[in-house]
Amino acid sequence: MKFDIIVAGVGGQGVLSVSAIIASSAMHEGLSVKQSEVHGMSQRGGEVQANLRLSDKPIASDLIPRGMASLVLSMEPLESLRYLPYLSDTGTVLTSTDAVTNFASYPEMEGLLAQIRALPHAILIDAERLARQAGSARATNMVMVGAASHLLPVKLETIEHFVRTLFAAKGTKVVETNLKALAAGREAAASR
Amino acid sequence: MSEMVLLGDEAVALGAVHAGLTAAYAYPGTPSTEITEYLIRYQRKHGRPIAQWCANEKTAYEEALGVSFAGRRALVSMKHVGLNVAADPFMNSALISINGGLVVAVADDPGMHSSQNEQDSRLFADFARVICLEPSSHQQAYDMTREAFDLSERFQIPIMIRLVTRLAHSRGNVTAGEPRAENPVAKSATPASWILLPANARRQWRALLDRQPEMRRYTASCPHNTVTGAGSPAEFGVITTGLARNYYIENLEDLGIAPPHLHVGAYPFPADAIRAFVGGLRRVLVLEEGYPYLERALRGIVPPAVDIQGRESGHVPPDGELNPDIVRTSLGLEARRGLMIEGLTLPSRPPQLCAGCPHGDSFHAMTAALAGFPNAVVTSDIGCYTLGALPPYSAIQSCVCMGASVGMAKGAAEAGLHPVVAVIGDSTFLHSGVTPLLDAITEDTPMTLLILDNKTVGMTGGQPTIRPSSQLEGLVRGLGIPADHLHVLEAHPRHDAHNTEVLRREFEHRGLSVVIAVRECLETIKRGKQEQAAATA
Ligand code: SF4
């Protein structure tokens, strides 16, 4: 079993938390994990991505080779397209439709979404709306983890456990909100 | 012992702790920052070891040297360009008879994810004639750091651990060993060896050279330099260093028959082993992260009939970070294709100042104050504010190295430009902006120094500035800036008109002035609030 994921987004969107939750869950279930992250300058509102590799055998490279990723999990529609060359023929693009338009030449939205929908395996989630319904827009990234949970080679209970762990210090209310967001994302993706 | 998942940086930090570390010193710099952040967290929790941020890499190195003089183990960490700042104590410390183990962890940034250049610290280790260990996995980052302290005491030299961004900032499994106790305090038994007066220095230099064969014997037999598949009748072999090994292994399956493979993880490189390895081969591919260091060395030690391929020969790109795809094509395998959309070109998304960042307000006021000065020059330094080079600000015209904005402004002003503004952050000013300001004070150079004081080291994630910003004004005044040309402003839109006015006056002034624009970084404020909330929850 080998499952390579590119988690994509913009600095500040919680890409590293998404990646950390999936990585911890996989490790907990006995898989080998390598997770390569971006720190520093690019986190200032620039493109951010984490290469996350899960396998039942030892993993050599921290970076995913082209054409090998099973999933591009993106917090932002434009960023979901940036890593297509890394996706395998059978891989899925799962993206939030919430655009971060923090620069002038951001493409026209309908065309962009149409391009994503036309991909062989694409799932689009209105993640921020679902997060608000769950209690906080800041849980958008957990909606996306929930949406991805159908595809990931880890159990839902394990993910829930690590959501609890990650937010434990912030109080029970934050934990509840994020668990709700996780469930909402899972449900939204189940119907696609 | 226990197994855990750590960043490469954290594996180095924990390795140092378990080697009996007494103290660690550093100045923040991507991708090395997390080494010291981990140690500071560890210290908060366990009381030891000492872990501190310093004014700059040179002071950090010297403090580590003092720990070693006292017989205890010290770690100093930095990014590659930080080693340039610490180069003086680093080079000289190779001549001293190191007492307590001294390990220098340097994180290089091939591909320049967050740096001004792509230098390869292995050359610096070679330059100083000391041992360099280069991990290719998280486990090795931990193990090699532990071992480095022992080697340092055995050879009485500083040992370098060379990391690259991709290892520093990726997470992987580490199994930790038994922690070792700190060394007792025991002053260097040979204090004369620490006094590099010419007579002593000549003796010490000779002693360092005399120890070279012993160092080479160590790297020739240590388990970090390994050969697999030697003796096969192959014509083609592969030499890897550092992370290149991983990218090579990633492609191995598709090669069919595995070629003989030499991996080098400890330097000085094992010349005899390399000669033996290359022996019957007709072609060798050298895969290394950084400079064509080994590739060049190879040309001097193997017969000219062997075709040596690598970054210098053009078989591997001469610049940038390696990855599995580059290594794949260098091995002659067909490139993999992923999903492609015909004609899809995506705009890139450059990093930018956070919305509402105080630096943005300072740039706004400064640009307005410079209107009508066609010859104006704004030199800048390294930090979040360097992003002022990009639209919408387009406010700065240089970025070279820490402290350079101040020195360059002095030169540009003395060459005849006016007005000249040097922009620098509070932390960078203290790192290496104070000394060029002393030069400018001496000459009363007609320039303005604009210190953007956001009360933190913003770019690397908000480490504390070495002195609180409340002390900046007093420091600058103490250097000798006249009171009527020293101003402290609040960098906020509501003061825009006033700030512009003050700056314009100083830009017109034909002498030296210093303006400190103060407002805390938004990220630091946010984190402070979160920490408070967590503490009261
Ligand atoms: S991190 Fe702080 S200093 Fe850097 S851009 Fe954001 S607000 Fe400004």
Side-chain angles (χ1 to χ4, degrees), chain A residues 10-12 19-20 23-24 27 32-48 50-52 58-69 72 76 78-79 81-89 91 93 100 102-107 115 118-121 169-171, chain B residues 5 7-8 30-31 33-34 109 113-115 137-138 165-173 243 245-252 321-325 327-328 335-341 344 346-355 357 384 386-387 391-392 458-461 530 533-534 537:
Chain A
V10 177
S19 166
S24 312
M27 217 120 41
S32 295
V33 172
K34 276 207 173 173
Q35 178 201 5
S36 174
E37 344 175 313
V38 172
H39 295 207
M41 179 172 265
S42 17
Q43 277 187 302
R44 301 272 159 273
E47 312 145 20
V48 170
N51 275 225
L52 180 54
I59 302 161
S61 162
D62 300 273
L63 290 172
I64 300 169
R66 275 173 176 256
M68 299 300 272
V72 170
E76 207 277 349
L78 173 64
E79 296 309 316
L81 293 178
R82 208 180 290 286
Y83 306 98
L84 289 183
Y86 290 90
L87 200 64
S88 82
D89 300 340
V93 172
V100 180
N102 61 351
F103 62 109
S105 52
Y106 198 95
Q115 254 174 334
L119 296 172
H121 309 278
K170 298 192 175 161
Chain B
V5 171
L7 282 179
T30 312
T33 312
E34 291 74 15
D109 189 16
H113 296 277
S114 215
S115 307
S137 69
H138 298 76
T165 304
R166 196 53 65 185
L167 181 59
H169 286 171
S170 89
R171 286 177 202 279
N173 301 58
L243 292 195
R245 168 161 72 184
N246 304 345
Y247 304 139
Y248 170 64
I249 291 173
E250 192 74 31
N251 285 297
L252 201 49
E321 188 183 15
L322 291 178
N323 63 40
D325 301 308
V327 167
R328 184 175 182 83
R336 283 200 175 96
R337 282 179 64 90
L339 200 58
M340 293 289 185
I341 299 184
L344 176 73
L346 298 175
S348 65
R349 189 190 294 266
Q352 49 190 263
L353 295 173
C354 303
C357 170
C384 283
T386 315
L387 297 172
M459 179 66 92
T460 47
Q530 279 170 1

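Within every chain, numbering begins at 1; the chains are lettered A, B, ... in the order of the sequence lines, protein sequences first and strands thereafter. Just so we're clear, the structure is a prediction, and the values are computed from it rather than from any experiment.
Taken from CD in A:Gln35 to NE2 in B:His169, the straight-line distance is 12.0 Å, to the nearest 0.5 Å. Here A:Glu47 contributes atom CD and B:Leu346 contributes atom CG; the two are 9.0 Å apart, rounded to the nearest 0.5 Å. Separating the CG atom in B:Asn323 from the CG atom in A:Asn51 is a distance of 10.0 Å, to the nearest 0.5 Å. The structure places CZ of B:Arg337 at 10.0 Å from CG of A:Asp89, a figure rounded to the nearest 0.5 Å. The CZ atom of B:Arg328 sits 12.0 Å away from the CZ atom of A:Arg66 when rounded to the nearest 0.5 Å. With values rounded to the nearest 0.5 angstrom, A:Leu119 atom CG is found 4.5 Å from B:Ile341 atom CD1.
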Fill in: Worked check of side-chain contact (heavy atoms from CB on, under 4.5 Å) between B:Leu344 and A:Leu81
CA-CA 9 Å; B:Leu344 176 73; A:Leu81 293 178; 4.2 Å; yes
Practice prompt. Before giving the answer on side-chain contact (heavy atoms from CB on, under 4.5 Å), spell out for B:Arg349 and A:Glu76 the whole-Å C-alpha distance, their side-chain angles and the decisive distance to 0.1 Å.
Written response: CA-CA 12 Å; B:Arg349 189 190 294 266; A:Glu76 207 277 349; 3.2 Å; yes
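At a 4.5 Å heavy-atom cutoff, B:Pro31 makes no contact with chain A through either its backbone or its side chain. A:Ser105 touches chain B through backbone and side chain together, each having a heavy atom under 4.5 Å away.
Residue B:Glu250 comes nearest to A:Ala60 through the heavy atom pair OE1-CB, 3.8 Å, listed as atom of the first residue, atom of the second, then distance. A:Ile64 and B:Pro324 make their closest contact through C-CG, 4.4 Å (heavy atoms, listed as atom of the first residue, atom of the second, distance).
Options B:Ser170, B:Pro391, B:Gly458 differ in how many heavy-atom pairs under 4.5 Å they form with chain A, and the most are formed by B:Ser170. When each of B:Gly172, B:Pro350, B:Ser348, B:Cys384 is scored by its heavy-atom pairs under 4.5 Å with chain A, the top score falls to B:Ser348.
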